[in-house]
2 protein chains.
Amino acid sequence: MDDNDQPAPPLPSTRTPGATRKGVETRARIIRGALEALESGGMETLTTRKIAASAGVKLATLHYYFDSKENLLLAVLEDLIADMAEAYRQDMSMPSDPEERIEALIRSMWRYVQRTRNKQLAQTELTLYALRTQGAEWLAARQYNAYIDFYCRLVFHGMGELTEEQRKIGTAIARFMLIGIDGLILQNFALHNNGDTNEGVETLVIATRDLLHRLRSEAGIQPG
Amino acid sequence: MDDNDQPAPPLPSTRTPGATRKGVETRARIIRGALEALESGGMETLTTRKIAASAGVKLATLHYYFDSKENLLLAVLEDLIADMAEAYRQDMSMPSDPEERIEALIRSMWRYVQRTRNKQLAQTELTLYALRTQGAEWLAARQYNAYIDFYCRLVFHGMGELTEEQRKIGTAIARFMLIGIDGLILQNFALHNNGDTNEGVETLVIATRDLLHRLRSEAGIQPG
DNA sequence: GTCTATAGCATGATAGAC
DNA sequence: GTCTATCATGCTATAGAC
């Protein structure tokens with residue numbers, strides 16, 4: 001339930017050599033290149049050659065930083081997790097009432113998803129890849145827990161500490177929001193019919209607000 | 001909104017030669033073999049050789065029936081769509097009240113998902129593959145529309161005809177259920193924590209019943 | 001730290017006997 | 001309709017100069 005601050009078995013061998021200024025930059029370029037190539041073509045056509053080309057480095061350079069394609073892909077997923085928080089904070093107005101925050105948060109998420117369609121596809125593909133990769137399943141879990149933790153905090157505070165009860169309720173809310181957004185992403189991709197999917201967003205907003213209502217009154221009637 | 005009875009551009013070249021009794025059987029074996037191999041290893045490691053081995057045929061035989069790996073994979077996805085209806089009807093008790101049907105249906109779906117974890121992963125991977133494959137996006141749409149149509153009918157009837165209003169409400173319900181189930185699948189896979197995911201199922205049941213309530217009263221107050 | 005060059009191999013697909 | 005044998009290609013990864 002709370003394996004978010006996991007021991008986190010370090011990614012097997014992401015080399016990260018001397019860590020020169022230049023080295024760090026190149027490593028980042030390769031990760032960005034991999035994400036670009038993944039967004040444009042999908043996992044099926046993703047090769048180390050395309051990644052290297054997309055990053056503007058030679059194939060051997062790629063292997064200097066990542067000893068295998070697998071570890072590079074896992075590093076890309078890690079990077080996506082790290083970037084997530086920044087992305088949402090941008091265009092979100094922040095009401096003080098948690099119920100309105102839920103609504104603002106879902107709408108913000110959905111705007112972000114729609115303007116980064118291919119990135120979402122890429123992230124979904126990478127998550128499935130991690131689930132299929134022996135010893136990398138924890139990465140998928142970490143990704144989800146990071147999202148859950150992030151949404152949970154955003155529902156109740158700017159980013160401060162939470163009471164135990166807020167954490168419990170917020171986690172349930174966050175989980176449900178995430179379920180809805182993931183389902184919406186897939187359905188929107190498959191039907192590429194934004195009109196109908198927007199109905200789904202409205203329904204999700206209402207359902208999540210109702211859930212908060214329910215959890216709060218349950219907590220009020222039967223505290224501890 | 002209703003491109004379910006699509007012209008359906010025929011799958012480019014699934015050959016299907018003379019269609020001998022034996023030929024049809026072999027074709028089916030290859031499709032089953034592909035699904036098996038996909039379930040056990042994922043798209044990343046899925047090769048025509050593994051498929052052939054898993055189907056008990058030689059590599060050349062596979063290419064006699066499917067002129068390319070791509071068309072084989074799309075045929076597998078088609079097959080999954082066709083099998084879907086059978087799978088759910090099995091263990092579902094069928095109350096007469098639509099609200100209770102929604103609950104029974106969601107629980108039945110969830111049971112099915114849990115006992116076919118790898119099949120669901122495979123189907124998700126194939127759907128993403130179709131979305132990435134030029135000219136195959138319609139297959140993903142067909143898959144979703146088939147599910148939506150199926151759930152819609154199940155909410156209101158055994159399988160008979162629907163009134164226009166039932167169809168409209170049922171479609172919205174079905175879409176939302178599907179959003180929830182897809183999201184639940186991904187979250188359950190990533191966190192592999194069935195206890196917490198079951199909470200999500202309960203929440204989805206309540207939310208979907210509420211949605212039906214809302215749609216019905218809206219229709220009652222403002223018909224046509 | 002980045003490159004050129006290449007090893008070593010697995011892949012999707014085909015030719016042609018039976 | 002199914003097989004054996006093989007092709008051509010593209011893959012990941014490495015060796016070694018600079």
Side-chain angles (χ1 to χ4, degrees), chain A residues 11-34 37-38 40-76 126 129 132-134 136, chain B residues 11-34 37-38 40-76 125-126 129 132-136:
Chain A
L11 282 178
S13 39
T14 305
R15 237 179 241 175
T16 318
T20 312
R21 241 182 316 284
K22 187 128 218 171
V24 176
E25 266 177 39
T26 306
R27 202 188 116 98
R29 274 232 315 289
I30 294 173
I31 289 181
R32 276 200 305 275
L38 181 55
S40 78
M43 284 249 65
E44 187 77 2
T45 65
L46 185 69
T47 66
T48 50
R49 284 172 150 83
K50 282 188 190 170
I51 294 172
S54 170
V57 298
K58 296 296 172 184
L59 186 53
T61 306
L62 185 152
H63 275 102
Y64 175 77
Y65 286 93
F66 301 93
D67 70 338
S68 71
K69 183 187 178 185
E70 172 178 328
N71 286 319
L72 167 54
L73 293 183
L74 298 181
V76 173
L126 275 179
Y129 173 78
R132 291 291 202 185
T133 303
Q134 261 260 329
Chain B
L11 282 178
S13 41
T14 305
R15 239 180 238 172
T16 318
T20 312
R21 242 182 314 285
K22 187 126 219 171
V24 176
E25 266 177 39
T26 305
R27 202 188 115 98
R29 275 233 314 289
I30 294 173
I31 289 181
R32 276 199 305 276
L38 181 55
S40 78
M43 284 250 67
E44 187 76 0
T45 66
L46 185 68
T47 64
T48 50
R49 286 173 151 83
K50 281 188 191 170
I51 294 172
S54 171
V57 298
K58 296 297 172 182
L59 185 54
T61 305
L62 185 152
H63 275 102
Y64 175 77
Y65 285 93
F66 302 92
D67 70 338
S68 71
K69 183 187 178 185
E70 170 178 329
N71 286 318
L72 167 53
L73 292 184
L74 298 181
V76 173
E125 288 189 278
L126 275 179
Y129 173 77
R132 291 292 202 185
T133 302
Q134 261 261 328

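Naming convention: chains lettered A, B, ... in sequence-line order (proteins, then strands); numbering from 1 in each chain.
- Of the candidates C:dT14, C:dC3, C:dG12, the closest approach to any side-chain atom of B:A60 belongs to C:dT14.
- Rounded to an integer number of Å, the gap from CE of A:M43 to C1' of D:dC11 is 14 Å.
- Atom CD1 in B:I30 sits about 10 Å away from atom C1' in D:dT2, given to the nearest Å.
- Here D:dT14 presents its P atom at 15 Å from NZ of A:K69, a figure rounded to the nearest Å.
- Note: CG (A:L59) to C1' (C:dT4) measures 11 Å, nearest angstrom.
- Residue B:T48 places no side-chain N or O under 4.0 Å from the OP1 or OP2 atom of C:dT11.
- Residue A:Y64 places no side-chain N or O under 4.0 Å from the OP1 or OP2 atom of C:dT2.
- Taking the side chain as every heavy atom from C-beta outward, B:L73 and B:L46 approach each other to under 4.5 Å.
- As rounded to whole Å, 16 Å separates atom P of C:dA10 from atom CD of B:E44.
- Residue B:L62 comes nearest to B:I30 through the heavy atom pair CA-CD1, 3.9 Å, listed as atom of the first residue, atom of the second, then distance.
- Of the candidate nucleotides C:dC3, D:dT14, C:dA13, D:dT14 has the atom nearest to the side chain of A:H63.
- With a 4.5 Å cut-off on side-chain heavy atoms, A:L74 and A:Y129 count as touching.
- Of the possible polar contacts, one joining the A:T47 side chain to the A:K50 backbone as a donor-acceptor pair under 3.5 Å is found.
- Counting only heavy atoms from C-beta on, B:K58 has its side chain closest to D:dC3 among D:dC3, D:dA13, C:dG1.
- In the set C:dT11, D:dA13, D:dT2, C:dT11 carries the atom at the smallest distance from any side-chain atom of B:T47.
- Residue A:T61 places none of its side-chain N or O atoms closer than 4.0 Å to OP1 or OP2 of C:dG1.
- The distance from atom CZ of B:R49 to atom P of D:dA5 is 13 Å, rounded to the nearest whole Å.
- Proximity of A:K22 to the phosphate of C:dG1: no side-chain N or O atom is located under 4.0 Å from OP1 or OP2.
- Residue B:V57 has its side chain nearest to D:dC3 when only C:dT2, D:dC3, D:dA13 are considered.
- The nearest pair of heavy atoms linking A:A34 to A:V76 is CB-CG2, 3.7 Å.
- A:K50 places its NZ atom 14 Å from the C1' atom of D:dT9, with the value rounded to the nearest Å.
- Atoms CZ (A:R21) and P (C:dG1) sit 11 Å apart, rounded to a whole Å.
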